[in-house]
Chemist: 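Could you have a look at this structure, given as structure tokens, before my questions?
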Amino acid sequence: MASNRLAQFREFGKKIVAVGRNYKAHAEELGNKVPEKPIIFTKPTTSYLSQGHPIKFPPGCTDLHHEVELGIVVGKKGYQIPEEKAKEYIGGYFVALDMTARDLQLEAKKNGHPWTLSKGWDTSTPAGEFIEKDKITNPQNLQIWLKVNGEMRQNGNTADMIFSISYLISFISKYMTLEEGDVILTGTPSGVGGLKGGDVIEAGIGDVSKIKFSVDSS
Ligand SMILES: O=C([O-])CC(=O)C(=O)O
Ligand SMILES: [Mg+2]
């Protein structure tokens with residue numbers, strides 16, 4: 001892909017496609033069944049947040065959770081991409097947070113309603129810088145970690161994804177065209193938890209890329 005900066009993939013990005021419960025330990029920690037096929041939802045691109053800006057609590061939320069995820073940036077347009085060709089469609093990577101208003105999500109789950117507001121308010125997708133595809137030789141063997149105020153809360157490995165990145169690209173594109181600049185959030189490992197105003201989140205993919213965000217204290 002032509003661009004190598006966050007601002008550019010935001011500009012190109014038509015959509016954010018996210019995967020839920022893609023790590024067994026995370027599905028289980030929230031009392032959910034391990035999925036037999038990928039759970040897919042979308043987030044609006046207005047939810048992107050770049051570093052230097054605070055994460056805000058959405059209205060009505062008192063249980064704001066962190067979820068660190070490996071983000072895939074789609075490098076070229078494709079529809080019904082075969083799994084064995086999926087790697088060709090990866091343009092790069094980034095560290096992402098799929099911030100979740102867990103109380104609003106729980107209420108939606110109980111009522112069988114969509115997760116859109118609990119995952120899609122402004123500032124709910126903090127994102128790091130674009131990582132060139134070539135910088136990562138094996139995206140299925142990366143440490144993915146998150147600290148709150150210096151304390152390790154999430155420390156997983158992308159080897160533990162239930163559905164691989166190639167499988168996800170193939171699965172999602174069976175239904176919707178993926179375009180250059182679209183992103184896929186590949187799900188969070190275990191250790192999600194609550195935050196309060198003033199908390200500082202640091203997260204990363206091994207030592208390849210690191211992000212830092214604070215939670216709005218106003
Ligand atoms: O809210 C959830 O637990 C689903 C999700 O986004 C994830 O597993 O990354
Ligand atoms: Mg998530």
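In each ligand, atom 1 is the first atom listed, and ligand 1 is the first ligand listed.
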Chemist: For Thr100 and Lys119, does a side-chain donor sit closer than 3.5 Å to a side-chain acceptor?
Modeler: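 Lys119 and Thr100 do have a side-chain donor-acceptor pair below 3.5 Å.
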
Chemist: Is it true that the side chains of Thr188 and Gln154 contain a donor and an acceptor less than 3.5 Å apart?
Modeler: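 Yes, side-chain donor-acceptor contact under 3.5 Å.
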
Chemist: Name whichever N, O or S atom of Glu69 ends up nearest to the Mg ion (ligand 2).
Modeler: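 Atom name of the closest N, O or S in Glu69: OE2.
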
Chemist: With atoms numbered from 1 as shown, which atoms in ligand 1 lie under 4.0 angstrom from a non-hydrogen atom of His26?
Modeler: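 Those qualifying, in numeric order: 2 (C), 3 (O), 7 (C), 8 (O).
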
Chemist: Considering only non-hydrogen protein atoms, determine which one is nearest to atom 2 (C) of ligand 1 and report residue, atom name and distance to 0.1 Å.
Modeler: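 Of the protein heavy atoms, Glu67 OE2, 3.4 Å lies nearest.
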
Chemist: Short N/O distance, under 3.5 Å, between Thr100 and ligand 1?
Modeler: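 The answer is no, given that Thr100 and ligand 1 share no N or O pair closer than 3.5 Å.
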
Chemist: Look at Arg102 together with Glu67 and state whether they make a salt bridge at an N to O cut-off of under 4.0 Å.
Modeler: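 Answer for the salt bridge query: yes.
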
Chemist: Suppose I only count heavy atoms of Gln105 and a 4.0 Å limit; which atoms of ligand 1 are within that range?
Modeler: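 Once the distances to Gln105 are compared, the set is 1 (O), 2 (C).
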
Chemist: Under 4.0 Å, counting heavy atoms only: does Val19 come that close to any atom of ligand 1?
Modeler: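 Yes, Val19 has a heavy atom closer than 4.0 Å to ligand 1.
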
Chemist: Do any nitrogen or oxygen atoms of Asp98 come within less than 3.5 Å of a nitrogen or oxygen of ligand 1?
Modeler: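 By distance alone, the answer is yes.
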
Chemist: Does a side-chain heavy-atom distance below 4.5 Å link Phe41 with Trp115?
Modeler: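 They are in contact (side-chain heavy atoms under 4.5 Å apart), so the answer is yes.
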
Chemist: Report, in ascending order of atom number, the atoms of ligand 1 lying under 4.0 Å from any heavy atom of Arg102.
Modeler: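 Those of ligand 1 that fall under 4.0 Å from Arg102 are 1 (O), 2 (C), 3 (O).
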
Chemist: Applying the side-chain contact (heavy atoms from CB on, under 4.5 Å) criterion to Gln140, which one of Asn157, Leu70, Ile165 satisfies it?
Modeler: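 Testing Gln140 for a side-chain contact (heavy atoms from CB on, under 4.5 Å) against Asn157, Leu70, Ile165 leaves exactly one candidate, Ile165.
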
Chemist: With distance as the sole test, does Ser173 use its side chain to make a donor-acceptor pair with the main-chain N or O of Ile81 at under 3.5 Å?
Modeler: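 It does hold such a pair.
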
Chemist: Which bit of Leu30 is near ligand 1, meaning a heavy atom under 4.0 Å away: side chain, backbone, both or neither?
Modeler: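 Within the 4.0 Å criterion, Leu30 contacts ligand 1 through side-chain atoms alone.
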
Chemist: Got a sec: does the CG of Leu117 have more than 12 other heavy atoms crowding it under 6.0 Å?
Modeler: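 Atom CG in Leu117 is not crowded, with 12 or fewer foreign heavy atoms closer than 6.0 Å.
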
Chemist: Has Gly187 got any heavy atom lying under 4.0 angstrom from an atom of ligand 1?
Modeler: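 It does; at least one heavy atom falls under 4.0 Å.
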
Chemist: If you count the non-hydrogen atoms of other residues, nucleotides and ligands that lie under 6.0 Å from CD in Glu36, is the total more than 12?
Modeler: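 At most 12 heavy atoms, drawn from other residues, nucleotides or ligands, come within 6.0 Å of this atom.
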
Chemist: Work out which heavy atom in Glu69 is nearest to a heavy atom in Thr186; give both atom names and the distance.
Modeler: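 Heavy-atom minimum between the residues: OE1-N, 3.7 Å.
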
Chemist: Taking only heavy atoms of Glu69 into account, list the atoms of ligand 1 that are under 4.0 Å away from them.
Modeler: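 Answer, ordered by atom number: 9 (O).
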
Chemist: Write out the residue and atom name of the closest protein heavy atom to atom 8 (O) of ligand 1, then the distance separating them to 0.1 Å.
Modeler: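 Checking every protein heavy atom, the shortest distance to atom 8 (O) of ligand 1 gives Arg21 N, 2.7 Å.
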
Chemist: List every atom of ligand 1 that sits less than 4.0 Å from any heavy atom of Phe41, numbering the atoms from 1 in the order shown and giving each element.
Modeler: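 Close to Phe41: 6 (O).
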
Chemist: Going by the side-chain contact (heavy atoms from CB on, under 4.5 Å) test, name the single residue among Thr125, Asp122, Thr123 that passes it with Leu49.
Modeler: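 In the set Thr125, Asp122, Thr123, the residue that makes a side-chain contact (heavy atoms from CB on, under 4.5 Å) with Leu49 is Thr123.
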
Chemist: Have a look at ligand 1 and work out which part of His65, if any, has a heavy atom under 4.0 Å from it: side chain, backbone, both or neither.
Modeler: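 For His65, there is no contact with ligand 1 at all, from either part.
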
Chemist: Does any donor atom in the side chain of Asp103 or Thr62 lie under 3.5 Å from an acceptor atom in the other side chain?
Modeler: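 Per modelled atom types, Asp103 and Thr62 side chains form a pair under 3.5 Å.
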
Chemist: For ligand 1, which atoms, with element, lie under 4.0 Å from some heavy atom of Gly20?
Modeler: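 Near Gly20, the atoms of ligand 1 are 4 (C), 5 (C), 7 (C), 8 (O).
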
Chemist: Mind reading off the angle at the Mg ion (ligand 2) between the OE1 atom of Glu67 and the OD2 atom of Asp98, rounded to 10°?
Modeler: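 Here the angle at the metal atom is close to 90°, to 10°.
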
Chemist: With a cut-off of 4.0 Å, which atoms of ligand 1 are near a heavy atom of Lys119?
Modeler: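 By the 4.0 Å cutoff, the relevant atoms are 1 (O), 2 (C), 4 (C), 5 (C), 6 (O).
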
